[in-house]
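Before any comments, here is the structure.
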2 protein chains.
Amino acid sequence: MHYLKFERIPRATISRLAVYVQELEVMEQQGLKVISSEKLAHLCGVNPSQIRKDLAYFGEFGVRGVGYYVHELRGAIRQSLGLDRNWNVVLVGVGNLGRALLRHNMLRKRGFVIVAAFDCDPFKIGEEIAGLEVNCSSKLPESTQEMNVEIGVITTPPERAQRAANYLIEGGIKGIVNFAPARITAPDYVSVEYVDFIHHMFSVAFNITQKQIKGLF
Amino acid sequence: MHYLKFERIPRATISRLAVYVQELEVMEQQGLKVISSEKLAHLCGVNPSQIRKDLAYFGEFGVRGVGYYVHELRGAIRQSLGLDRNWNVVLVGVGNLGRALLRHNMLRKRGFVIVAAFDCDPFKIGEEIAGLEVNCSSKLPESTQEMNVEIGVITTPPERAQRAANYLIEGGIKGIVNFAPARITAPDYVSVEYVDFIHHMFSVAFNITQKQIKGLF
DNA sequence: AGTGCATAGTGAAATTTTTAACAATCACCG
DNA sequence: CGGTGATTGTTAAAAATTTCACTATGCACT
């Protein structure tokens, strides 16, 4: 019998659930109706038990002897993660990366709607990108409160990341996704995630070096 | 006494080392010469023992009673990670994100030199971005072999990620950093890393939802 | 030179996460 | 309507990771 659990959910579980959703969406497009934990695990590069355990944190979504109904499972995970609604997002820092995110439709497709963009460069203020006018960063706090924004994305240079964060916090934001290669400090009630692609470059470089040392090439 | 260790190094250690380097670089710019594990830990948001343990995988870099010499430690970590040299990189998929990476100077500054860019869209082939001409993806395998490229970056749409990966593998690449939101399969001798910013958006959304459920807002 | 103080390095304990094993249960079939 | 095969949900064991506690050591000051 599965009653509501109040266990702490590992962060790793969350990022795996995101992968499961990704693969389930591909399957759904392919018209596949049912999938077993074993097959899904193979596709996602994890252990089947892991999948069953990850899902068990949130409920019972499968049918024993059968597997998981793809569409149903996708919905259940999305609901568990809080993705069954739209989130208003603001972006700070309209550089190369910021522009790319503004023009990307992937965020919107996943329910993250960028409702405003900010920069402190006077040359960029007023510019229109993807239907959004770039505003002055100092206006950020009042705008976010007006617009009911919950998430802020930082795409400034590293040295300006903390200032951007401060504006966001002042504006009452609840979560920050920081693309700038710099740690930022924020109060406990604000969730901070770091997207550091450089770190992934480092990882690959390290893995290659290691394999070379071990003589695998 | 610290002899060469052949322990497996946790992946989490590697990504923390990258964070340490980041913070050490900031300190160096600020002219700070020495740092203790405790202060560095606080800046990076980790436990001091963790830092000491992470570093112990690679050697003894500190001075007891004093701390770590910032410049020296940065160098030691960079060397340990295999970052004390340049890496040739190719990029596949010249969309919004691909362009942003090509124009970004951060990669080059960290020793990752993009030496070629590829796309399968005839309208993009021949275009010049950041001093690099976009080539046809089908030419990728022979180019990478000629140019001694070791790392490939995938910034295609998800449905074309696997094909891009196949070209890279055929070209003898040793590591792949995949920005496309899709899992890819590659032989064991190729290291694959995923950069999924959508997952981080998911994490933040989830954390906010959780806090709301627990009544923290 | 000796003493005290600060802090790195390290082995062991605690915690967390992953994997394995198995009992429960559902669909299907005769 | 019970038996059979498959696959989940769950408990227990194993493995990995993090944290703690302590030892060793270098520096500064007397």
Side-chain angles (χ1 to χ4, degrees), chain A residues 1-20 24 27 32-74 76-77 80 203, chain B residues 1-20 23-24 27 32-77 80 203:
Chain A
M1 215 70 19
H2 186 283
Y3 294 100
L4 241 180
K5 289 181 184 174
F6 277 108
E7 285 181 74
R8 209 191 112 273
I9 293 156
R11 142 176 301 241
T13 290
I14 302 305
S15 77
R16 280 193 299 268
L17 286 172
V19 177
Y20 306 158
L24 287 167
M27 285 172 209
L32 194 62
K33 297 285 182 221
V34 182
I35 186 89
S36 69
S37 60
E38 192 172 334
K39 282 187 189 131
L40 180 58
H42 184 253
L43 285 167
C44 298
V46 300
N47 183 297
S49 298
Q50 184 106 77
I51 292 193
R52 301 202 292 272
K53 181 128 246 191
D54 285 341
L55 296 176
Y57 285 112
F58 297 97
E60 300 190 7
F61 307 124
V63 181
R64 298 180 194 207
V66 177
Y68 300 91
Y69 291 103
V70 173
H71 180 75
E72 207 175 276
L73 181 59
R74 170 173 172 271
I77 298 178
S80 302
S203 282
Chain B
M1 215 70 19
H2 186 281
Y3 295 100
L4 242 180
K5 289 181 182 174
F6 276 110
E7 287 179 71
R8 207 191 112 272
I9 293 156
R11 139 176 302 242
T13 290
I14 302 306
S15 76
R16 278 192 301 267
L17 287 172
V19 177
Y20 306 159
E23 289 302 319
L24 288 167
M27 286 172 210
L32 194 64
K33 297 285 182 221
V34 183
I35 185 90
S36 68
S37 59
E38 191 171 334
K39 283 188 189 129
L40 181 58
H42 184 253
L43 284 167
C44 299
V46 301
N47 184 296
S49 299
Q50 183 105 78
I51 291 193
R52 299 202 294 273
K53 185 132 261 185
D54 284 341
L55 296 175
Y57 285 113
F58 298 98
E60 299 189 8
F61 307 124
V63 182
R64 298 179 193 207
V66 178
Y68 301 92
Y69 292 103
V70 174
H71 180 74
E72 207 174 275
L73 182 58
R74 170 172 172 272
I77 298 178
S80 302
S203 282

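Just so it is clear, the model here is predicted, and its values are computed rather than measured. Letters A, B, ... are given to chains in the order of the sequence lines, protein chains preceding strands, and every chain is numbered from 1. What you see below is based on every heavy atom in this structure, not just the backbone, and it leaves out hydrogens, waters and symmetry mates.
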Could you identify which residues of residues 36-44 of chain A place a heavy atom less than 4.0 Å from some atom of DNA chain D, listed by residue number, or say none?
A/Ser36, A/Ser37
Without decimals, in angstroms, what is the distance between B/Ile51 CD1 and C/dA8 P?
9 Å
Consecutive Watson-Crick or G-U pairs in runs of at least 3, all under 3.5 Å, in which DNA chain C is involved
C:1-30 with D:1-30
Send over the distance from A/Phe61 CZ to D/dT10 C1', rounded to a whole Å.
15 Å
Rounded to the nearest 0.5 Å, what's the gap from CG on A/Leu73 to CD1 on A/Ile35? Could you check?
10.0 Å
How about A/Gln50: does its CD atom have over 12 heavy atoms from other parts shown lying under 6.0 Å from it?
yes
Contact residues, residues 64-74 of chain B to DNA chain C [heavy atom, < 4.0 Å]
B/Arg64, B/Gly65, B/Val66, B/Gly67, B/Tyr68
Among all residues two or more places apart in sequence or in another chain, which pass the salt bridge (Lys or Arg N to Asp or Glu O under 4.0 Å) test with A/Arg16?
A/Asp54
Rounding to a whole Å, what distance do you find between B/Lys33:NZ and D/dC27:P?
18 Å
Rounded at 0.5 Å granularity, tell me how far CZ in B/Arg8 sits from OG1 in B/Thr13.
9.0 Å
A/Phe61 and A/Leu55: which non-hydrogen atoms are nearest, and at how many Å?
CE1-O, 3.8 Å
Taken to the nearest whole Å, CD1/A/Ile35 to C1'/D/dT7 is 13 Å
Its contact letters, B for base, S for sugar-phosphate only and - for none at protein heavy atoms under 4.0 Å, make nucleotides 13-22 of chain C read ----SSBBB-
Which distance, rounded to the nearest 0.5 Å, do you find between the CG of A/Asn47 and the NE2 of A/His42?
12.5 Å
Correct closest heavy-atom pair for A/Arg52 and A/Ser37 would be NH1-OG, 3.0 Å
Identify the residue among A/Leu17, A/Ile14, A/Ile9 that makes a side-chain contact (heavy atoms from CB on, under 4.5 Å) with A/Tyr57.
A/Ile9
Are any non-hydrogen side-chain atoms of A/Leu40 and A/Met27 less than 4.5 angstrom apart?
yes
So B/Val46 and B/Tyr20, do their side chains get closer than 4.5 Å, heavy atoms only?
yes
Within residues 63-77 of chain B or reaching into it, pairs that qualify as side chain to side chain donor-acceptor pair (under 3.5 Å) - sequence neighbours excluded
B/Glu25-B/Arg74, B/Glu28-B/His71
So CG of A/Leu32 and NZ of A/Lys39: to nearest 0.5 Å the spacing works out to 8.0 Å
So B/Ile77 and B/Leu24, side chain to side chain contact (heavy atoms under 4.5 Å, CB included) or not? Walk me through it.
CA-CA 10 Å; B/Ile77 298 178; B/Leu24 288 167; 4.0 Å; yes
